[in-house]
Amino acid sequence: MSNTLFIDGQEIPFAPGQTIMDASLEAGIYIPHLCHKPGLTPHGSCKLCTVEVDGRSVSACTLPAAAGMNVDNNTSALQEVRKTLVQMLFVEGNHVCPNCMKSGDCTLQALGYHFGMLDGHFPPFYPLREVDASHPDLVLDRDRCVLCELCVRASREQDGKSVFAIGGRGVNSHIIVNTHSGKLGDSNLTLDDSAAHICPVGAILPKNHGVEVAFGRRTFDLHSVTESDVAQVGLQKTEHHDE
Ligand code: SF4
Ligand code: FES
């Protein structure tokens, strides 16, 4: 059997070892995701990539592609589940977009728009977690963290540093910094690190920068989240081929 699978009836190829997400993004098909980034070990925490494979709900970012698989990605039931997941992420933190300089560049916010989310639906938690402004160049606002672990993985796998980790359990889970003081300022994180830029929301932000790109001209003002993520994978492929 050839290495192809079907996404919403469309036949696409996959390479051995690829997940459904890898194969789908390479074929230019968008599967919503927040904790996935090509090149980093899959994490499987946000569940926004939930698809149905032969009637079973699975995470597209962790399940290896298999020949002949029938994947449903675009049903109204799945979109509704994904919208609920985004609403849960919004109410669990303090995602006050009008006060956040990531607004317009934030993947969580863009996903909210993508799913037609008009409110948080659930009662907000209004957490009170520590803001760490001890680093000269970066600030960490834990109330906006969605626990995607992109910074954890980027620091470990790309920067070779392991600056971040997740501590606590259940609703008390929060991002921690691996230093004796627990402060970002005592870590060896630098602005050049991948972990300094990878946060998809406004939890890790550069200091000493204001709103430099006007609202209305920001990433997701100009491109839907669908286009941006698929384009990113296309760009990476071109770079690989050019090397
Ligand atoms: S700080 Fe940002 S990148 Fe790190 S886990 Fe939280 S949301 Fe994800
Ligand atoms: S992208 Fe698959 S679980 Fe987050």
Side-chain angles (χ1 to χ4, degrees), residues 18-25 29-53 57-65 71 73 78 81-82 84-86 88-90 92-95 97 100-102 105-111 114-115 127 129-133 135 138-159 161-168 172-178 182-184 187 189 193-206 225-226 228-230 232-233:
Q18 277 192 319
T19 59
I20 298 173
M21 176 71 81
D22 297 330
S24 150
L25 288 176
I29 298 172
Y30 176 69
I31 297 179
H33 54 276
L34 187 56
C35 72
H36 173 76
K37 196 89 177 171
L40 291 175
T41 307
H43 189 236
S45 60
C46 76
K47 301 296 174 218
L48 286 172
C49 68
T50 300
V51 292
E52 298 239 325
V53 175
S57 295
V58 297
S59 303
C61 71
T62 52
L63 192 73
V71 180
N73 173 43
L78 279 171
V81 167
R82 292 161 175 169
T84 303
L85 291 171
V86 175
M88 289 163 78
L89 287 171
F90 260 85
E92 191 274 339
N94 291 329
H95 297 281
C97 302
C100 179
M101 66 184 264
K102 191 84 176 192
D105 290 330
C106 171
T107 309
L108 181 69
Q109 183 192 50
L111 284 163
H114 179 69
F115 295 124
R129 304 187 194 113
E130 189 194 11
V131 173
D132 182 344
H135 194 281
L138 294 154
V139 65
L140 171 63
D141 183 342
R142 293 179 171 87
D143 283 341
R144 295 182 189 144
C145 172
V146 291
L147 302 173
C148 67
E149 288 206 20
L150 281 171
C151 61
V152 177
R153 286 173 282 156
S155 185
R156 187 175 56 226
E157 296 172 18
Q158 295 179 332
D159 306 333
K161 292 191 178 176
S162 291
V163 169
F164 298 102
I166 301 289
N172 294 320
S173 302
H174 59 281
I175 194 87
I176 56 173
V177 178
N178 284 322
K183 296 285 184 197
L184 206 55
S187 76
L189 183 72
D193 288 347
S194 175
H197 304 280
I198 204 163
C199 184
V201 294
I204 302 175
L205 286 174
V225 70
T226 315
S228 309
D229 279 21
V230 170
Q232 226 180 47
V233 174

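Just so you know, ligand 1 is whichever comes first in the structure, and atom 1 is the first atom listed for that ligand. Computation of the quantities below employed the complete heavy-atom set of this structure, encompassing side-chain atoms and omitting hydrogens, waters and symmetry-equivalent molecules.
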Heavy-atom contacts with [X] under 4.0 Å: which atoms of ligand 2 show up? List them by number with element.
{"X": "Lys47", "result": "3 (S), 4 (Fe)"}
{"X": "Cys49", "result": "1 (S), 2 (Fe), 3 (S)"}
{"X": "His33", "result": "1 (S)"}
{"X": "Ser45", "result": "3 (S)"}
{"X": "His36", "result": "1 (S)"}
{"X": "Cys61", "result": "1 (S), 2 (Fe), 3 (S)"}
{"X": "Cys46", "result": "1 (S), 3 (S), 4 (Fe)"}

Residues, nucleotides or ligands: over 12 heavy atoms within 6.0 Å of Met88 CE:
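No, because the 6.0 Å sphere around CE of Met88 holds 12 heavy atoms or fewer from other groups.
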
Can you tell me if Glu157 and Thr41 form a side-chain donor-acceptor pair at under 3.5 Å?
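Their side chains do contain a donor-acceptor pair, which is all the 3.5 Å distance test asks for.
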
Ion pair Glu130/Lys183, N-O distance below 4.0 Å
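Salt bridge flag = yes for Lys183 with Glu130.
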
Using a strict 4.0 Å cut-off to heavy atoms of [X], name the atoms of ligand 1 that fall inside it.
{"X": "Val201", "value": "7 (S)"}
{"X": "Cys145", "value": "1 (S), 5 (S), 6 (Fe), 7 (S)"}
{"X": "Cys151", "value": "1 (S), 3 (S), 4 (Fe), 5 (S)"}
{"X": "Pro200", "value": "3 (S)"}
{"X": "Val146", "value": "6 (Fe), 7 (S)"}
{"X": "Ile204", "value": "1 (S)"}

Minimum-distance pair of heavy atoms, taken over all atoms of Ser187 and Val177:
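So the two residues come closest at CB-CG1, 4.2 Å.
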
Compare every heavy atom of Phe90 with every heavy atom of Gln109, then report the nearest pair and how far apart it is.
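Nearest heavy atoms, Gln109 then Phe90: CA-CZ, 4.2 Å.
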
Going by the closest heavy atom to atom 5 (S) of ligand 1, which one wins out of His43, Glu149, His174, Arg144?
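Checking each option, the heavy atom nearest atom 5 (S) of ligand 1 is found in Glu149.
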
So [Y] and [X], do their side chains get closer than 4.5 Å, heavy atoms only?
{"X": "Ile31", "Y": "Leu25", "result": "no"}
{"X": "Asn73", "Y": "Ile20", "result": "no"}
{"X": "Phe164", "Y": "Leu189", "result": "yes"}
{"X": "Leu111", "Y": "Thr107", "result": "yes"}

How far is atom 2 (Fe) of ligand 1 from the closest protein heavy atom, and which atom is that?
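In this structure, atom 2 (Fe) of ligand 1 has Cys199 SG, 2.3 Å as its nearest protein heavy atom.
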
Checking only N/O/S atoms, does Cys148 have one that is under 2.8 Å from atom 8 (Fe) of ligand 1?
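Cys148 does place an N, O or S atom closer than 2.8 Å to atom 8 (Fe) of ligand 1.
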
If we set the cut-off at 4.0 Å for heavy atoms, which region of Ala203 has an atom near ligand 1: side chain, backbone, both, or neither?
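The part of Ala203 near ligand 1 is the side chain, not the backbone.
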
Going by the angle between their ring planes, with limits at 30° and 60°, are His33 and Tyr30 parallel, tilted or perpendicular?
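Because their plane-to-plane angle lies in the 30° to 60° range, the rings of His33 and Tyr30 count as tilted.
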
Can you tell me how far CG of Asn94 sits from SG of Cys100, rounded to the nearest 0.5 angstrom?
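The SG atom of Cys100 sits 11.0 Å away from the CG atom of Asn94.
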
